[in-house]
Amino acid sequence: MHLTPDQTAAFERDGYLFFPGHFSAAEVALLNAEVPALYARREAYNVREKGSDAVRTNFAAHLYSAPFARLARHPRMVRPVEDLLGERLYLHQFKINGKMAFEGDVWQWHQDYGTWQADDLMPSARAMNIAVFLDDVNEFNGPLMFIPGSHRRGVLEAGHDVTTTSYPLWTLEHALIAQLVEQAGGAGRFDAEGHYLPGGIVAPKGPAGSMLVFHSCLVHASTSNLSPWNRVSVYLSLCAVSNHIRRFKRPEYIAHRRFEPIECLPDDCLLAQSAVELPWAQGMPASALETSPDPIQ
Ligand code: SIN
Ligand code: MN
């Protein structure tokens, strides 16, 4: 799957692309069936919500779960990003975010590249996020919100938020968010029929299997999930091989340390259950928890 010139232009303008229903219900079912057992594991790679047992984010499932190992090599996810970055890619981060019914907490406004630069010494923003919805995403279960075009501002000044949620993040001041939203179209408006036309905040919604591609400098956030519906989504963070991280300050299950280019599997790999290696099938190696404040040599 490759992008059209119109899609590339839209990405450059807005910083994201949305592909509703990109994976079939049968493909999503195979992925979804794995999630409860993965979330039940008492492992460092399952980060739970503050004061709750609900999983906020599960890291690196592609190293110990076959369906997710296939998804991490899926051409429908990897090829569009290869097109956008014009280079082979390695997988910097893999996560399955829960945003579970009633329990899923907020993600404050941030840029992902802010964290990758500050913590992992990733040299530039030649990296991209892809999200695949494993549940329907509607206006009630905490859809991801974007400020369209905000990626064009580059890296914005951020502060390290280690208190709001259970997961530390470099987040942006509310005054800056208000300014960015205003510049991107403000509050939006209602047309004569009462339909809302978005302005400076958009929240792409769609059925399970939908896919979002977004720039690593695109400013985004999500509210808590007070609905009775989970909003499980898988996120791949893909980085140009030449732009690999230069520091292992965070554990390997969060920021990966193998920079070989991704070899895609066939398009039917999920349903065909293509063979994949699972290096952490017997458990995470102790080395994955070793970290260093120093740049790698
Ligand atoms: C993220 O920004 O990494 C996750 C946001 C979300 O899942 O809502
Ligand atoms: Mn993010």
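Just so you know, ligand 1 is whichever comes first in the structure, and atom 1 is the first atom listed for that ligand.
Atom numbering of ligand 1 starts at 1 in the shown order; those under 4.0 Å from a heavy atom of N97 are 4 (C), 6 (C), 7 (O). Of all atoms in ligand 1, numbered sequentially from 1 with element shown, those under 4.0 Å from a heavy atom of S222 are 6 (C), 8 (O). Distances below 4.0 Å separate heavy atoms of R231 from the following atoms of ligand 1: 6 (C), 7 (O), 8 (O). Close contacts of ligand 1 with L144, meaning ligand atoms under 4.0 Å from a residue heavy atom, involve 5 (C), 6 (C), 8 (O). For ligand 1 and K95, the ligand atoms under 4.0 Å from any heavy atom of the residue are 3 (O).
Not a single donor-acceptor pair under 3.5 Å links the side chain of D105 to the backbone N or O of S224. Panel note: side chain N225, backbone W229; a donor-acceptor pair is recorded below 3.5 Å.
Atom OD1 is the N, O or S atom of D112 at the shortest distance from the Mn ion (ligand 2). Nearest N/O/S atom of H220 with respect to the Mn ion (ligand 2) is recorded as NE2.
For a threshold of 3.5 Å applied to N or O pairs, the pair formed by H220 and ligand 1 contains at least one separation below that value.
The only member of R250, K249, R247 that meets salt bridge (charged side-chain N to carboxylate O under 4.0 Å, His left out) when paired with D120 is R250.
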For this session: Give the C-alpha distance, both sets of side-chain angles, the deciding distance and a yes or no for side chain to side chain donor-acceptor pair (under 3.5 Å) between R153 and Q183.
Result: CA-CA 11 Å; R153 292 285 298 264; Q183 284 165 357; 3.0 Å; yes
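Between F133 and F18, the ring planes lie tilted relative to each other; the angle falls in the 30° to 60° range. Note on ring orientation: taking the six-membered ring where Trp is involved, the planes of Y45 and Y253 are perpendicular (angle over 60°, cut-offs 30° and 60°).
Scanning the protein for heavy atoms near atom 6 (C) of ligand 1, the closest one is Y235 OH, 3.2 Å.
Remark: aromatic rings of H62 and H256 are close, center separation under 6.0 Å.
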